[in-house]
Protein chains: 2
Amino acid sequence: MGPGRVVEKNMTAEMVRDIDSGRRMRGLDRAVEILDYLRKRRRPARPNEIAVDIAAPKSTTYELVDLLVNSGMLEYADKEGRVFLGRKLYFLGLAYQTQFDLTRECKSYLDQLAQATHETSQLCMLDGNKYTVAMMREGVRPFRISSDVGERTPIPWTASGRLLVAHMSDEEILDFIPAQDFILPNKSRLAPEKFLADVAQARAAQFYSFDSVADNFTHCFAAPIHQGGPISVATLCLIAPREDAARNYERYRETLIASARELSDKLGTAPVRISKAGVA
Amino acid sequence: MGPGRVVEKNMTAEMVRDIDSGRRMRGLDRAVEILDYLRKRRRPARPNEIAVDIAAPKSTTYELVDLLVNSGMLEYADKEGRVFLGRKLYFLGLAYQTQFDLTRECKSYLDQLAQATHETSQLCMLDGNKYTVAMMREGVRPFRISSDVGERTPIPWTASGRLLVAHMSDEEILDFIPAQDFILPNKSRLAPEKFLADVAQARAAQFYSFDSVADNFTHCFAAPIHQGGPISVATLCLIAPREDAARNYERYRETLIASARELSDKLGTAPVRISKAGVA
DNA sequence: GGGATTATTCCATTATAGTGGAATAGCTAT
DNA sequence: ATAGCTATTCCACTATAATGGAATAATCCC
């Protein structure tokens, strides 16, 4: 970081650009912006479209897209020159998982939870300053879940969100969450104080549950997963129809907390990685 | 591409560097190199280690690692400053999948294949100029598979490899595959002419199978998956113990080819994407 | 067809990113 | 401690990457 210039982690490229406006941008940062943009958009885009939407110079964008295509980070998605995230990202994502115990280990816990409750179970994490579902196991009940795997959602909209920021001070939390993220899906605004109180409660109980604000028929349960330290690296969640949740509240709660604790223990005590077998 | 300088697709950064030696490298390309390096290494590394292993200037490497950590593409993996692939890559990989029909659709086919044969089924693709297992469904038999998901393997070592390059001319193929990749795991060298003959046979039959060169006890079956055009975007494979393969050869072959064809049809006829439901 | 609009490529300029090397900090083993 | 490593940070220099704007190509709509 250059002197006299404070750029914090997890700031969006746009935030950074605002700070030193007019300044040239680094190619690498712009490239990441392009990838993020396509991720959010969830479908291919033309270079020109990208340039306009991320407010980058066209010439730069064309060149970067070209470079990214050449390295496999992007791929042409049709004959009209549209590009989308490339195969290389898929492979890099795979490699991430093999190293990161959490995503490896949790699968069986999600299965177990879904089996025990017949509800949908999820592993949730922060992605920058947003909440995201990293993995999901659908329950038997085929109802529509509010958010898709990988979609970035405002932290205050979610039960997990309260746990995922619980290691921060009130001030840090308000600093961390973009102001507009307190606007709920129904356009009403959640008072930050209320949110902070929720967080305090979640922190004390190491658990949080509420009626989803994303729809009108589900109740969400969340329990934190720790990895050594006090910060929640992720949460395990259950999404249940409200009647079910009410009827089985204690059981769901206990099951979820037990699973989360078990998973945390496993992560904490098994820092050693299994080395992979070579080609026979 | 600048005039008088021919840089082809899928060349490794090292190959490019060899061309214009002494020339400065673009940050973005170096960054991709770092990611690839960590993917290959499969465990965290210090910046210094990275710099040495990819033969990049230390100062540059430190700076790039810093930038990549800031954007979430890398993460610190321990307190000793080691970094590894970051969560963002996982999410970008997820986004890739949601868009790319193949990886979405094939799961059920892998299950079906594994179920019908009790053998291990795989979806294989090219990653640059190497072969890679993109998805795997283990059969009931718990024997050790030669290559892991996401690991890059020389094309000539694999049955799928013969199909994945079948759309190229002989010349293009030899151009595409690094010379040293014809050295088999047992150190013997596969004659390129033999390989080209294999490819021709695979191309004609739209199928290939052989006793694995990666181990001494399996037989690999591969069938191509097409997506509109004539090029094989991927292959479906079966890995079976040799006795099993011999005993069930025709059945396995037919089942595999049928699955691959069905999957190809689905991909070809369903180019329309389902738009995702909004938050309720 | 042609006139307007949008998308892509080309090009000169200059701020700065990538670089080598030197300085400093951290370890390890005596 | 101290010497001998290795790892990391700092710094000045310049080749070049990012940029704006102009030129060209493609697409759309009367």
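Throughout, a chain's letter reflects where its sequence line sits, starting with A, and its residues are numbered from 1.
Side-chain contact between B:Leu196 and B:Ile173 is present, with at least one heavy-atom pair separated by less than 4.5 Å. Side-chain contact between A:Leu74 and A:Lys88 is absent, with no heavy atoms from C-beta onward closer than 4.5 Å. Put simply, the side chain of B:Asp181 does not reach to within 4.5 Å of the side chain of B:Ile155, judged on heavy atoms. Contact annotation: the side chain of B:Arg162 never approaches that of B:Arg203 to less than 4.5 Å [non-hydrogen atoms, C-beta and beyond].
Taking atom NZ of residue A:Lys79 and atom P of nucleotide D:dT27, one finds them 15 Å apart after rounding to whole Å. Nucleotide D:dT6 holds its C1' atom 16 Å from the CD1 atom of B:Ile50, rounded to whole Å. For A:Asp66 and C:dA7, the CG to P distance is 18 Å, given to the nearest whole Å. Whole-Å rounding puts the B:Leu64 CG to C:dT16 P distance at 17 Å. Rounded to an integer number of Å, the gap from A:Met25 CE to D:dT19 P is 8 Å. Atom CD in A:Glu63 sits roughly 14 Å away from atom P in D:dG20 (whole-Å rounding). The CG atom of B:Leu67 sits 8 Å away from the P atom of C:dG18 (whole-angstrom rounding). If you take OH of B:Tyr62 and P of D:dT8, they are 3 Å apart, rounded to a whole angstrom.
Each of A:Arg26 and A:Glu49 was assigned the nucleotide of DNA chain C with the nearest heavy atom; the assignment lying further toward the 5' end belongs to A:Glu49. With DNA chain C read from its 5' end, the first of the two nearest nucleotides for A:Arg46 and B:Gly27 is the one closest to A:Arg46.
Rounded to 10 degrees, the angle between the two end axes of the helix from C:dG1-D:dC30 to C:dT30-D:dA1 is 50°, with five pairs used at each end.
With hydrogens and angles ignored, the 3.5 Å screen pairs no side-chain donor or acceptor of B:Arg43 with any backbone N or O of A:Gln99.
The listed nucleotides are C:dT16, D:dT8, C:dT8; the one nearest the side chain of A:Lys58 is C:dT8. For B:Pro57, the side-chain atoms get nearest to C:dG20 when compared with the rest of C:dG20, D:dT16, C:dT8. Distances were taken from every side-chain heavy atom of B:Ser59 (C-beta onward) to each of C:dT19, C:dA7, D:dA17; the shortest belongs to C:dT19. Which of C:dT8, D:dT19, C:dT19 sits closest to the side chain of A:Asn48 comes down to C:dT8.
OP1 and OP2 of C:dA17 both lie 4.0 Å or more from every side-chain N or O belonging to B:Arg30.
For the side chain to side chain donor-acceptor pair (under 3.5 Å) test with A:Tyr37, the passing option among A:Lys40, A:Arg41, A:Arg39 is A:Arg41; the others fail.
Evaluation of atom-type donor-acceptor distances gives a pair under 3.5 Å for the side chain of B:Arg24 against the base of D:dT14.
Salt bridge status for A:Lys58 with A:Glu63: absent, with no side-chain N to carboxylate O gap under 4.0 Å.
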